[in-house]
Amino acid sequence: MSRIYTLSRPSRRSSGIDYRGALNDEQYEAVTSPPGPCLVIAGAGSGKTRTLTYRVAWLIDQGLLPSRILLLTFTNKAAREMLERVSSLVPQDLTSLWGGTFHHVGHRILRTHPREAGLEQGFTILDRDDAQEVLTSLYSRLEINAKDKRFPRPSVALEIISYSENTNRAITELCEKEFSFLAEFVEPLIRIQSQYRQRKYEINAVDYDDLLTLPLKILKQNPLLAERYQFQFQAILVDEFQDTNAVQSQFIDYLAAHHRHLMVVGDDAQSIYSWRGARFENILSFPERYPDARIFRIRTNYRSVPEILSLANMSIAANTRQFPKELRAVKPSGNMPVLVPAADPHQQANFVCQRIIELQNEGYNLSEMAVLYRAHSHAIELQLELTKRNIPFVITSGIQFFQQAHVKDLAAHLRIAINPADEIAFLRVASLVPGIGATTAQKLFSTLKTGKSWHLANPPKKSATVWVRLATLISQLRQETSVKLKPAPAAIAQDSTTQVELPPEEMINVILETYYCDVLQLRYDNASQRLEDLRQLRDYSRQFASTSEFLAQLTLLTGVELARPSNAPADADTLRLTTVHQAKGLEWKIVFLIHLADGLFPLARSTQECDSLEEERRLFYVAVTRAQDQLYLTYPIIRLSRGQFSLDPIQRKSRFIEEIPHHLMEQWQIEPPRPDWSNTTAAPHSLNSTTSAIKSPPKQYLEDHCSDPAPNYDEPF
């Protein structure tokens, strides 16, 4: 005789959450949706984290065990924040809930099943420095000289391998389409990738990328193991889905293949990391991969005033590949965004600094303000002006712009060109040549001090080819700086020969075009961005008549402490300077977005392809949606060239500004300071004010941007 024994559901305390009262209608609909595939398009400032955490609480209240829930995020900080919020909502022990980054979850799976991945218990994880050491050792095994500057350095090779692993693309394809400068090295790079994988197995180690690729591999190769995890995770939730790469997207789809109870949350308008391997198509194609998916749009914005949101909505409208949505404000009406054309980068910096001081006087703290830009090199003039005015600031970047290796490399080339006795500059320049170390460089410098030319310095044989290129470059720079002056006044000898330096802009062009671009590509994994930095530095140099003046200014800027002063408290009130990429996920009451000129934002190289331009537009959208109360959009109309009154062609404002209707912005005209004639003994040429005045009400500045610019009173007459 048999009978049925029924298990009762274990008694648990309900959270008691009033979901209807705690959430708006859009959030409530997503949070309480029935099991199945769901795509939640959560606009900027719409409460994305709140939606995810309440969804977890809802699932637990419906009887799902925490151990059956998988919550995937992109940063440890986001994971901690969400788990803490869920813990505050649900009166249960949540330690069994699987929550964390993709890499964290992949690590847990590998630790549980190392043998299936070809590993032994106790395997180690290589950090980036460890991985580079492994590659360096492989260079020797494969008879590749790691010091040979003609071949990609281990750091560059590691970047290519990592990009290949995360995008599921072969190195051959990558070198054909995205790293064409490495085309001649395809075969050795493929061998390095193969040997690198083998070497990791030999030492029982994995790298950061393996924490994604190996769990997916063992799930595909072990159906029973895959079924175990597909059964365990009865609900899968993914944050920032627009930032997933090919491997992460496949990992999610594989785990959800059985029950398809999957909720992904993201904003296609904020997908800005394709250069890291993020695949924008993952979020766009979700409805195709899950035809029965429900799509929820959360568009109520709690961050910004409606005037800023109106501009933000229009800023992204031109993108053709997107889920259309329109953010709606909860905040009452406030200030309109302000468009501020400036005569040049210096006036732009003056405006930003003066306006910051005025906002301080109105009661805002510096920590409530931020200056955003497309690239760190765009903030050169601003950093100097903030320092002059004693406005404390921090830069979200790690290393200072002027302390970066490529900037110091360029400066060293300029220094040795105008001062052959500069030993420090020579040693830095020589060290970039393959086969020349510190000892050899010192011997070469001693030889040159005897009067020998660079071409006769006798470097090592393996260095000869590159050394000749460098010697030719230095010779070219030096020959062009030594010129015969025209007949001078009687007070000066008629036949005097004077050393006249080539302008820094021309020197930098020669260095980049004939030599240093190749060094960048083989030495750094982000060569294109570093080259863009140096081009911006070249543009900045145009205002200096001589290279000596330019180098003196660089020295002053290098000495500026760009991070929080050591004697300032940790919570010091400081202004934030940051690229837009690093500002994602953050917000401030006041935001200045500078250098909004075509070619700077969007970057010139991004305007050639539709996909790249649309990503730049999404980046602009991210920038403007960081602002809560006030938004200032600025750009320089011209860039000063060498010579006091010599001007470059007028710059075009960013196409992203052109796409926004004029009525959504208030335009301000910067009025130069008026001369103070109260001191009748002062001559006009003695005026040297550095403060610009903001004229209100705003007027059109420089009719159609085609008339002569207003005089620059920052310069003497």
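Here the structure is a predicted model, which means the values were calculated and not measured.
- A 6.0 Å sphere centred on CG of Asp25 holds no more than 12 heavy atoms belonging to other residues, nucleotides or ligands.
- Partners of Phe74 by ring-ring contact (aromatic ring centres under 6.0 Å, His included), not counting sequence neighbours, listed by chain and number: Phe102.
- Closest heavy-atom contact between Leu386 and Cys353: CD2-SG, 3.6 Å.
- What you find for Glu326 and Asn313 is that their closest heavy atoms are CG-ND2, 3.2 Å.
- Applying the salt bridge (charged side-chain N to carboxylate O under 4.0 Å, His left out) rule to Arg55 yields no partners; only residues at least two apart in sequence or on another chain are considered.
- No hydrogens or angles considered: a donor-acceptor pair under 3.5 Å links the side chains of Asn319 and Arg617.
- Salt bridge annotation for Arg626-Glu587: absent, with no cationic side-chain nitrogen under 4.0 angstrom from a carboxylate oxygen.
- Between the side chains of His376 and Asp533, not a single donor N or O lies within less than 3.5 Å of an accepting N or O.
- A salt bridge does not link Arg655 with Glu658: none of the charged nitrogens is closer than 4.0 Å to a carboxylate oxygen.
- Other residues, nucleotides and ligands contribute more than 12 heavy atoms inside 6.0 Å of the NZ atom of Lys325.
- With no hydrogens or angles considered, no side-chain donor-acceptor pair links Asn335 and Asp629 at under 3.5 Å.
- Inspection of the Glu165 and Ser162 side chains reveals no N or O donor paired with an N or O acceptor under 3.5 Å.
- The two residues Pro332 and Pro306 come nearest to each other via the heavy atoms O-CD, 3.3 Å.
- No donor-acceptor contact under 3.5 angstrom links the side chains of Lys331 and Gln628, judged on distance only.
- Judged by the 6.0 Å distance and 45° axis criteria, Arg652 is not positioned over the aromatic ring of Tyr635.
- For Ser249 (side chain) and Asn245 (main-chain N/O), no donor-acceptor pair under 3.5 Å exists by modelled atom type.
- Using cut-offs of 30° and 60° on the angle between ring planes, the pair Phe656 and Phe620 is tilted.
- Between Asp253 and Arg289 a salt bridge is recorded (basic side-chain N to carboxylate O distance below 4.0 Å).
- Under a 3.5 Å cut-off, the side chain of Gln27 and the backbone N or O of Ser46 do form a donor-acceptor pair.
- In this model, no donor atom of one side chain and acceptor atom of the other lie less than 3.5 Å apart for Ser315 and Glu659.
- Around the CD atom of Glu609, the shell of radius 6.0 Å holds no more than 12 heavy atoms that belong to other residues, nucleotides or ligands.
- Ring centers of His103 and Tyr208: under 6.0 Å apart, within the cut-off.
- In the model, Ser333 has a side-chain atom that pairs as donor or acceptor with a side-chain atom of Glu307 under 3.5 Å.
- Note that CG of Leu39 and CE of Met263 are 9.5 Å apart. Values are rounded to the nearest 0.5 Å.
- Between Arg299 and Glu26, at least one side-chain nitrogen of the basic residue sits less than 4.0 Å from a carboxylate oxygen of the acidic one, meeting the salt-bridge criterion.
- Taking the six-membered ring for Trp and thresholds of 30 and 60 degrees, Phe592 and Tyr632 have nearly parallel ring planes, at less than 30 degrees apart.
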